[in-house]
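Everything on this sheet refers to the single structure shown next.
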Amino acid sequence: MKRRTKGLLLLAAALAGFLGWRFLRPLNIFVVSDAFERPVSTTDAPAQLRTLRAAECAACHRDIYEEWRTTMHSQAWTDPYFQTDWAFDRSQQICKNCHIPLDRQQEHTILGFRDKDKWDPILSPNPGFDPRLQHEGVTCTACHLREGRIVGVHGVTDAPHPVGKIDDPNTVCVRCHVVRGDRWDTFFRFPPCGTVAEIQATPSNRLASEDREALMDHGGTAVSVAPIPSDDKPGELAMPDATSLGCVQCHMPLVERPLVEGGKARPVRRHLWRGGHD
């Protein structure tokens with residue numbers, strides 16, 4: 001009886017210690033990934049794009065701009081539901097790095113971090129802050145500006161700005177929509193705010209053959225949109241690679257149209273991202 005009492009007391013003490021530790025160190029529900037610990041740098045942005053605002057892109061890409069204006073991406077910062085949740089979560093800086101991903105969209109520059117987990121950044125006033133650009137949320141250059149070039153799947157063109165090619169556009173999505181990290185004291189191994197968390201992770205959730213054909217990209221590559229359950233950790237999602245997610249194949253369907261006004265028609269993806277949060 002004494003041994004049982006002693007065991008219960010030890011268990012109670014351990015639980016009290018854990019709760020006390022959690023009171024002093026609030027629970028962070030996901031790991032701050034290296035991919036989004038800081039905003040996207042615009043220091044090497046092409047000189048032709050003076051403000052990086054979407055209206056500049058609209059001068060050549062009007063159809064895409066008009067689609068983007070209707071989306072939740074364009075309201076990623078101004079959406080009242082996000083603003084309410086953000087205030088409830090004590091206005092964490094880390095949220096900005098996905099909802100307003102460009103450094104010019106943020107009032108402060110991140111100089112470093114006070115903690116190993118990178119939830120407590122050292123901030124300094126940002127002289128390049130643009131409040132108008134901030135209100136564009138996930139704007140064109142948030143996804144397409146990389147290393148001083150505007151990247152896309154078509155690669156080199158006669159565009160008036162430097163252009164780069166990306167082999168798999170799904171890699172752009174995962175920066176914010178797949179939170180990587182493996183810690184015992186976090187809830188999420190998948191995004192706390194995004195689409196991938198809502199994909200049912202069951203072996204039976206696979207595309208039927210006719211659906212797979214419908215989701216083939218114009219290069220002829222079929223994709224599987226469902227993640228697979230992790231063998232090591234039941235209930236968690238294992239993401240083998242970005243391509244297997246099939247983000248753009250579902251949420252950015254192809255349409256035959258010119259990439260720029262007056263250009264040659266070609267398969268171009270729609271920028272609507274319709275889904276559960278629409």
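Since the structure is predicted, the reported quantities are computational estimates derived from the model, not experimental observations.
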Exercise for the section: Give a yes or no on whether I94 and I110 share a hydrophobic cluster (residues Ile, Leu, Val, Met, Phe, Trp, Tyr; joining criterion: side-chain heavy atoms under 4.5 Å apart). Expected result: no
Handout entry: Euclidean distance, L102 CG relative to E136 CD, rounded to 0.5 Å
Key = 9.0 Å
Practice task
Working to the nearest 0.5 Å, report the span between NE2 of H161 and CD of E56.
Solution key: 10.0 Å
Problem - N170 versus C247, closest heavy-atom pair with distance - result: OD1-N, 2.8 Å
Practice task
Would you mind reporting whether V138 and S74 have side-chain heavy atoms less than 4.5 Å apart?
Solution key: no
Problem - D89 side, atom CG; T84 side, atom OG1 - distance, nearest 0.5 Å - result: 11.0 Å
Handout entry: Sub-4.5 Å side-chain heavy-atom contact between Q75 and H135
Key = no
Fill in the blank from the handout: Nearest heavy-atom approach of P46 to G148 is CG-O, 3.4 Å
Practice task
Please examine the side chains of K165 and V151, heavy atoms only from C-beta on, and report whether any two atoms are closer than 4.5 Å.
Solution key: no
Handout entry: Rounded distance [0.5 Å steps], CD in Q105 versus CG in D103
Key = 9.0 Å
Practice task
Give the intermediate values and the outcome of side chain to side chain contact (heavy atoms under 4.5 Å, CB included) for residues H154 and R266.
Solution key: CA-CA 10 Å; H154 293 292; R266 64 174 79 183; 3.3 Å; yes
Practice task
State, to 0.1 Å, how close V268 and P258 come at their nearest heavy-atom pair, and which atoms those are.
Solution key: CG2-C, 4.4 Å
Handout entry: Trace of the side chain to side chain contact (heavy atoms under 4.5 Å, CB included) decision for D63 with R257
Key = CA-CA 9 Å; D63 288 346; R257 67 180 177 189; 3.9 Å; yes
Practice task
Could you tell me whether the side chain of D120 and the main chain of R114 form a donor-acceptor pair under 3.5 Å?
Solution key: no
Completion exercise
The single option from T141, D130, T139 that satisfies side chain to side chain donor-acceptor pair (under 3.5 Å) with R53 is D130
Practice task
Report yes if some heavy atom in the side chain of F113 is under 4.5 Å from a heavy atom in the side chain of I122; otherwise report no.
Solution key: no
Exercise for the section: Would you please indicate if the ring centroids of H73 and W68 are separated by under 6.0 Å? Expected result: no
Handout entry: Nearest heavy-atom neighbours spanning V260 and H61
Key = CG1-CE1, 3.3 Å
Problem - N97 side-chain N/O to E37 backbone N/O, donor-acceptor pair under 3.5 Å - result: yes
Exercise for the section: Under the side chain to side chain contact (heavy atoms under 4.5 Å, CB included) rule, what do R104 and T51 come out as? Steps first, then yes or no, please. Expected result: CA-CA 9 Å; R104 295 189 202 179; T51 67; 5.9 Å; no
Completion exercise
From the list H108, R38, Q106, side chain to side chain donor-acceptor pair (under 3.5 Å) with Q93 holds only for Q106
Exercise for the section: May I have the step-by-step check of salt bridge (charged side-chain N to carboxylate O under 4.0 Å, His left out) for D44 and R149, ending in yes or no? Expected result: CA-CA 8 Å; D44 54 359; R149 299 178 296 171; over 6 Å; no
Handout entry: Validation row: L145, T42 side chains within 4.5 angstrom (heavy atoms)
Key = yes
Exercise for the section: Treat each ILVMFWY residue as a node, draw an edge where side-chain heavy atoms are under 4.5 Å apart, and state whether W273 and Y65 are in one component. Expected result: yes
Exercise for the section: Supply the atom-to-atom distance I100 CD1 to W77 CH2, rounded to the nearest 0.5 angstrom. Expected result: 4.0 Å
Practice task
Over all heavy atoms of both residues, which pair between R175 and P101 is shortest? Give the atoms and the distance, please.
Solution key: NH1-CB, 4.1 Å
Problem - Polar side-chain atom of E67 near backbone of H271 as donor-acceptor pair, under 3.5 Å - result: yes
Completion exercise
Heavy atoms of F129 and Q134 approach each other most closely as CE1-NE2, 3.5 Å
Exercise for the section: Check whether any side-chain heavy atom of V248 sits under 4.5 Å from a side-chain heavy atom of R269, and report yes or no. Expected result: yes
Problem - Side-chain touch W86/H99, heavy atoms, less than 4.5 angstrom - result: no
Exercise for the section: For residues T5 and L9, determine if any side-chain heavy atom of one lies less than 4.5 Å from a side-chain heavy atom of the other. Expected result: yes
Problem - Side-chain H-bond candidate by donor/acceptor type, T70 with R274, under 3.5 Å - result: yes
Practice task
Using a cut-off of 6.0 Å, state whether more than 12 heavy atoms not belonging to E147 lie near its atom CD.
Solution key: no
Practice task
Starting at CD of E261, measure out to CZ of R62 and round the result to the nearest 0.5 Å.
Solution key: 7.0 Å
Practice task
Examine M72 and F82 and state if one hydrophobic cluster contains both, with Ile, Leu, Val, Met, Phe, Trp and Tyr joined whenever side-chain heavy atoms are less than 4.5 Å apart.
Solution key: no
Problem - Under 3.5 Å: donor-acceptor pair, side chain of Q48, backbone of P160 - result: yes
Practice task
Would you kindly confirm whether L52 and I150 end up in one hydrophobic cluster when ILVMFWY residues are joined by side chain heavy atoms under 4.5 Å apart?
Solution key: yes
